[in-house]
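What follows is a single structure, written as structure tokens, with notes after it.
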Amino acid sequence: GIRTIGEISPDAALLVLVRHGEAVANVEGYVGGEGSCRGLTATGRDQVAALGRRWAKTGEVADADGIISSTLRRAIETRELLSASMPDLEVLEPRRTLCELQPGEADGLSWQAYEERYGRPDWNLEPERPIAPGGESWVSFVERASGALVDLATANRGCRLIVCCHAGVIEASLIRFCYDAPPATRLQLRSDHASVTEWAYDGRWKLLSYNSATPVTLI
């Protein structure tokens, strides 16, 4: 991963964004929304466990105050695995605003069935097109996800919070906080499963690390 260097104010909010481990939806190739997400695979659980072992060895989040997740099962399971090894953390209620892009009527469809029904969206050309009826567009998702992180940061100044979320949420944070780009922007990053991206917010956003992944074999 990449890392920036700079002074961090003691009253800054530190948000440790953790992408969930590999999910069943990732492996089986379907649209894993709130109605159909079946959580992590065995590999995904191993990835999150490796991150927990790394943290136990390095102490890099030993001063964390709390942990939170989206309401998607894959993120909740990631939070549960991490918090089990850090019993002193306050476990906060999951927030729907931290979810991946809401798929609406596409929830549960295979990606092949989705494309047959709705076509393949090109959000570079149509960033305001909803993914499906009742679902979000890329623009509305980036605004919602980045806004959720702003809310967490402003409410948790002086604290370090672990946020179990999704690749899209991490990309939204980079679009809005690193590049200060319009929500229609697409970076098309591939954040690794169970990787860590950390932000500091003290009135300005500072990227501390991006996509710091942990080998599953780490003991």
Side-chain angles (χ1 to χ4, degrees), residues 1-9 12-20 25-26 31-34 68-72 74-75 94-107 111 114-115 118-157 161-193 195-213:
I2 61 172
R3 192 166 187 89
T4 63
I5 300 174
E7 291 188 9
I8 305 300
S9 168
L14 299 175
L15 299 185
V16 182
L17 309 186
V18 177
R19 187 188 179 195
H20 60 81
N26 300 135
V31 184
E34 289 178 290
I68 193 171
S69 73
S70 81
T71 53
L72 287 169
R74 55 191 181 269
R95 291 195 183 186
R96 193 168 188 261
T97 52
L98 294 170
C99 283
E100 190 59 278
L101 187 142
Q102 297 285 357
E105 293 181 10
D107 195 353
W111 283 106
Y114 167 79
E115 289 188 15
Y118 299 110
R120 180 178 295 184
D122 187 340
W123 280 321
N124 291 311
L125 296 177
E126 299 179 287
E128 295 186 356
R129 172 188 168 183
I131 186 172
E136 290 179 299
S137 68
W138 180 250
V139 167
S140 61
F141 164 68
V142 169
E143 290 180 333
R144 183 260 295 168
S146 60
L149 296 177
V150 169
D151 290 344
L152 283 178
T154 54
N156 290 277
R157 296 289 288 269
L161 189 64
I162 299 168
V163 184
C164 300
C165 58
H166 307 272
V169 175
I170 294 167
E171 180 164 349
S173 76
L174 291 166
I175 289 169
R176 300 315 306 272
F177 308 150
C178 189
Y179 295 100
D180 193 22
T185 304
R186 294 270 286 157
L187 301 179
Q188 296 180 302
L189 299 173
R190 299 297 300 173
S191 298
D192 292 327
H193 288 115
S195 65
V196 176
T197 297
E198 186 166 12
W199 288 97
Y201 177 75
D202 59 4
R204 295 172 54 199
W205 289 94
K206 298 178 182 178
L207 181 63
L208 305 182
S209 66
Y210 166 65
N211 201 38
S212 176

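Starting from 1, each residue takes its place in the sequence as its number.
The two residues Tyr114 and Ala106 make their nearest non-hydrogen contact at CD1-CB, 3.6 Å. Residues Ser191 and Ala167 approach most closely at CB-CB, 4.5 Å, considering heavy atoms. Nearest heavy-atom pair, Gly33 versus Leu72, reported as atom, atom and distance to 0.1 Å: C-CD2, 3.4 Å. Listed here is the closest heavy atom pair of Ala153 and Leu15: CB-CD1, 4.2 Å. Considering all non-hydrogen atoms of both residues, Ala200 and Ile8 come closest at CB-CD1, 3.8 Å. Contact record, Val169 with Cys165: CG1-SG, 4.0 Å, taken as the closest heavy-atom pair.
Looking at Glu100 and His20, their side chains never come closer than 4.5 Å, going by heavy atoms from C-beta outward. At least one side-chain heavy atom of Val163 sits less than 4.5 Å from a side-chain heavy atom of Leu152. Looking only at side-chain heavy atoms (C-beta outward), His166 and Arg19 stay at 4.5 Å or farther from each other. Contact of the Glu171 side chain with the Phe141 side chain is not registered, since no non-hydrogen atoms from C-beta on lie closer than 4.5 Å. No side-chain heavy atom of Ile175 sits under 4.5 Å from any side-chain heavy atom of Arg186. Side-chain atoms of Val196 and Val16, non-hydrogen and from C-beta on, do get closer than 4.5 Å to each other. For the pair Asn26/His193, a side-chain contact is recorded, criterion being any heavy-atom separation below 4.5 Å from C-beta on.
Between Ser9 atom OG and Lys206 atom NZ the span is 7.5 Å, to the nearest 0.5 Å. For the atom pair OG (Ser212) and CG (Leu17), the distance works out to 12.5 Å, reported to the nearest 0.5 Å. Taking OG of Ser70 as the start and CZ of Arg96 as the end, the distance is 10.5 Å to the nearest 0.5 Å. A distance of 11.5 Å separates CZ in Arg190 from CD1 in Ile170, rounded to the nearest 0.5 Å.
Between the side chain of Trp138 and the backbone N or O of Thr185, at least one donor-acceptor pair lies under 3.5 Å. A donor-acceptor pair under 3.5 Å links the side-chain atoms of Asn211 to the main chain of Asp192, judged by distance alone. Judged by distance alone, the side chain of Arg74 and the main-chain N or O of Gly32 form a donor-acceptor pair under 3.5 Å.
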**OP:** List the steps and the verdict of side chain to side chain contact (heavy atoms under 4.5 Å, CB included) for Tyr210 and Leu174.
**Re:** CA-CA 9 Å; Tyr210 166 65; Leu174 291 166; 3.9 Å; yes
**OP:** Give the C-alpha distance, both sets of side-chain angles, the deciding distance and a yes or no for side chain to side chain contact (heavy atoms under 4.5 Å, CB included) between Asn156 and Leu14.
**Re:** CA-CA 8 Å; Asn156 290 277; Leu14 299 175; over 6 Å; no
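Shown here are the salt bridge (charged side-chain N to carboxylate O under 4.0 Å, His left out) partners of Glu105, two or more places apart in sequence or in another chain: there are none. With sequence neighbours excluded, no residue forms a salt bridge (charged side-chain N to carboxylate O under 4.0 Å, His left out) with Asp107. Considering only residues two or more places apart in sequence or on other chains, Tyr201 meets the ring-ring contact (aromatic ring centres under 6.0 Å, His included) condition with Trp205. Every residue meeting the side chain to side chain donor-acceptor pair (under 3.5 Å) condition with Thr71, not counting sequence neighbours, appears here in chain and number order: Glu34.
The salt bridge (Lys or Arg N to Asp or Glu O under 4.0 Å) analysis of residues 131-145, with sequence neighbours excluded, yields the pairs Glu136-Arg144.
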Hey, can you pull the donor-acceptor pairs under 3.5 Å for the side chains in residues 123-134, sequence neighbours left out?
unit_1, atom_1, unit_2, atom_2, d
Trp123, NE1, Arg129, O, 3.0
Arg129, NH2, Tyr118, O, 2.6

